[in-house]
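Bear in mind that the values here come from a model prediction, so they are computed numbers and not experimental data. Heavy-atom basis, side chains included; hydrogens, waters and symmetry copies ignored. Each ligand, and each atom within it, is numbered from 1 in the order the structure gives.
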Amino acid sequence: MIYLDNAATTKLDDMAGEVMLKYACRDFYNPSAIYGKGSDMSKCVRSAKEVIAKSLGTTFEDNIIFTGSATEANNLAIMGAFRKNFGKMLFSYAEHPAVYNVAEKLKLQGVQVEYIKLQPTGEIDYADLERKLDQTVSFISVMMVSNETGAINDLRRVYELKTKYCPNAIFHSDGVQGYGKLKINVEYFGVDMFTVSGHKAFAPKGIGALYVKNKTILNPIIYGGGQEYGIRSGTENVPSIMAFKTAVENFGNIKDNYTKVQEIANTFKEKLEGCDVKINSYHSPYVLSLSFRGVNGETLVHMMENKGILISRGSACSSKKSGNRVLESMGLSHEEILGSVRVSFSKYTTIEEACLAGKTLCECYIDLKEKLKWEK
Ligand code: PLP
């Protein structure tokens with residue numbers, strides 16, 4: 001089987017799996033317990049924060065809050081920072097539903113929510129952002145890398161614009177699809193909050209983290225025993241936290257991995273040369289959105305599955321719906337959206353896999369076109 005849906009989830013790092021088991025079965029103590037084994041666990045959680053903080057370009061481990069997912073971290077960033085006196089809230093139109101649906105909820109409640117348009121490349125339209133920025137803006141959320149297209153936003157540029165027009169606004173970024181794949185420096189980016197997810201980066205599912213520069217901007221969104229500085233109650237998920245730490249320690253060289261994946265993506269694209277296909281991705285080589293003319297992308301996904309190759313229709317969260325908000329706002333036609341599929345690579349994808357998958361996808365497309373011609 002060839003797995004090319006790494007933007008949906010990644011396999012668990014082998015060593016992280018072993019660590020997870022160790023902390024589930026042997027070192028299973030509650031970090032809040034006052035006996036030695038408890039404080040050992042508390043130290044472990046802290047050591048994981050140090051590793052994650054470092055991977056985000058900061059040395060402040062107390063600025064890392066563990067959550068049950070990136071969805072929760074995004075909800076915490078937005079709802080935890082939200083105040084009654086908030087002015088305008090700006091969100092990029094490409095946001096994952098874990099941000100977009102929170103924005104929609106706030107909008108329904110009467111909050112002034114506006115969306116930043118996208119360029120045809122999928123990156124935000126900085127001129128549109130600049131038009132929408134003024135002193136009344138309280139909150140900005142712009143994702144680092146699109147889960148649909150791999151488009152990369154220039155977070156530093158967003159920060160500089162924010163500083164010019166509304167220096168006090170809170171700046172959040174969903175960094176899930178950039179984490180472990182691109183260099184991250186939250187201090188250089190100028191973000192107040194940054195979200196990451198474990199399972200997109202070889203850690204287990206059900207663990208995420210939020211970097212927050214200044215914890216006083218956050219109120220909890222769930223209440224309980226006061227863990228995680230009182231911001232995210234609930235007994236710490238030590239097995240997943242420690243596995244997350246291990247997966248991050250095993251990221252390897254981000255630049256070398258990027259170069260390798262770039263080569264893989266190029267090889268894959270070369271194999272599509274005989275197809276009538278439009279490439280909707282211009283930035284990160286890890287995510288490739290493709291629109292095949294005259295066919296249904298869903299059929300292609302199933303044809304590929306029958307040949308032992310897993311690709312996807314789009315983000316796992318939108319794949320069951322017929323439209324695609326992100327591709328639509330990049331200016332793609334209904335036909336291009338209907339014929340779209342997403343292929344996403346990882347540092348473990350090989351050139352041979354990319355070659356075979358590209359060739360097979362091209363063959364599936366040609367077969368499908370032929371079949372549709374006879375059905376007409
Ligand atoms: N943000 C982005 C950009 C994503 O791609 C995803 C998952 O697809 C999420 C957030 C949600 O992550 P999690 O599954 O950890 O809640």
Task: Ion pair check, D128 and K132, cut-off under 4.0 Å - done: yes
Task: Atom indices of ligand 1 within 4.0 angstrom of S69 heavy atoms, with elements - done: 15 (O), 16 (O)
Task: Heavy atom of E72, distance to ligand 1 below 4.0 Å - done: no
Task: Region of K200 that comes within reach of ligand 1 [heavy atoms, distance under 4.0 Å] - done: side chain
Task: F268 ring center within less than 6.0 Å of F345 ring center - done: yes
Task: Lys/Arg-Asp/Glu bridge criterion (N-O < 4.0 Å) met for E148, R342 - done: no
Task: For atom 11 (C) of ligand 1, the option (of T71, V196, V145) bearing the nearest heavy atom - done: T71
Task: Proximal ligand 1 atoms for N147, defined as those under 4.0 Å from one of its heavy atoms - done: 3 (C), 5 (O)
Open item on the list: Can you name the atoms of ligand 1, numbered from 1 with element, that are less than 4.0 Å from a heavy atom of M143?
Closed with: 3 (C)
Task: Ligand-side contact atoms (ligand 1) for residue partner H199, heavy atom cut-off under 4.0 Å - done: 13 (P), 14 (O), 15 (O)
Open item on the list: Tell me whether E72 is salt-bridged to R232, with the criterion being a basic N under 4.0 Å from an acidic carboxylate O.
Closed with: yes
Task: Distance flag, aromatic centroids of Y365 and F292, threshold under 6.0 Å - done: yes
Task: Pair K215 + D62, salt bridge at N-O below 4.0 Å - done: no
- [ ] Could you pull out, from T67, D174, N75, the option with a heavy atom nearest to atom 1 (N) of ligand 1?
- [x] D174
